[in-house]
Amino acid sequence: MKKPACWLMKTEPETYSIDDLARDGRTCWEGVRNYQARNYLRDEMKVGDLVLIYHSNASPPCVAGVARVVRSAYPDPTVLDRRSPYHDPKATEDNPIWMMVDLAFEEKFAQFVTLDALKKDKSLTDMLVLKRGQRLSIMPVSATHFEGVRSMGKR
DNA sequence: GCCAACGTTGGC
DNA sequence: GCCAACGTTGGC
């Protein structure tokens, strides 16, 4: 059995926060509209993988908790919904272009791990989320970094 | 609100 | 295929 991979996925808490995920228990992670992020979703993300939930455009920006992939990639239906903010006129039934996964709530950190705290931790300097200009909404995280962040989230 | 960084679009 | 213009992300 292959070990689960680890990821970081960004969300704006005003749109969908760790509390929303805790309340829902499980959710469809719709709205990924970047090809590289989509390729991670489609080609590499597997059921059982662990995900750091990152609050972007928050004050302060932070990792807020952990989720688990419970369904691997399938077409994102919001591409065909003309009233959805995620509607994509280039997508069709036969070629939906964009994919999504389902996530289940795993844990909310007792203490959110702020971007500032990540930057100050010497063992995390290689984390992609800390790289300059890194805007991907989905990125891989090493198991070591994942555990490091998770332990920082415990009080 | 500013702006750096990066992605996408479209004319050529 | 080049590249300028434009749009988006996201920290500050």
Which atoms of nucleotides 3-5 of chain B (N or O only) lie under 3.5 Å from a protein N or O atom, and what are those distances?
| unit_1 | atom_1 | unit_2 | atom_2 | d |
| --- | --- | --- | --- | --- |
| B/dA5 | OP1 | A/Arg132 | NH1 | 2.2 |
| B/dA5 | N3 | A/Arg135 | NH1 | 3.4 |

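The nucleotide whose nearest atom lies closest to any side-chain atom of A/Pro61 is, among B/dG7, B/dT9, C/dG11, C/dG11.
Looking at A/Lys10, its side chain does come within 3.5 Å of a backbone N or O of A/Leu136 through a donor-acceptor pair. A donor-acceptor contact shorter than 3.5 Å is absent between the side chain of A/Asp76 and the backbone of A/Glu30.
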Between A/Asp102 and A/Cys28, is a side chain to side chain contact (heavy atoms under 4.5 Å, CB included) present by the stated rule, with each step listed?
-> CA-CA 4 Å; A/Asp102 288 358; A/Cys28 313; 3.7 Å; yes
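In this structure, A/Gln36 atom CD and B/dG7 atom P are separated by 7 Å, rounded to whole Å.
The side-chain contact (heavy atoms from CB on, under 4.5 Å) check on A/Pro60 picks up A/Thr114, with sequence neighbours excluded.
Closest approach of A/Tyr54 and A/Pro61 over heavy atoms only: OH-CB, 3.4 Å.
Contact annotation: A/Lys10 does not reach the phosphate of C/dT9 (side-chain N/O to OP1 or OP2, under 4.0 Å). Between C/dG11 and A/Tyr54, a contact under 4.0 Å exists linking OP1 or OP2 to a side-chain N or O. For A/Lys90 and B/dT9, the shortest distance from a side-chain N or O to OP1 or OP2 is below 4.0 Å.
The aromatic rings of A/Phe112 and A/His55 lie perpendicular to each other, with more than 60° between the two planes, well past the 30° mark.
A side chain to side chain donor-acceptor pair (under 3.5 Å) with A/Ser123 is found for exactly one of A/Asp126, A/Thr125, A/Asp121, namely A/Asp121.
Residues A/Asp116 and A/Lys120 are paired through a salt bridge, judged by an N-O separation under 4.0 Å between the basic side chain and the carboxylate.
Taking every heavy atom of residues 114-126 of chain A and every atom of DNA chain C, pairs under 4.0 Å involve A/Leu115, A/Lys119, by number.
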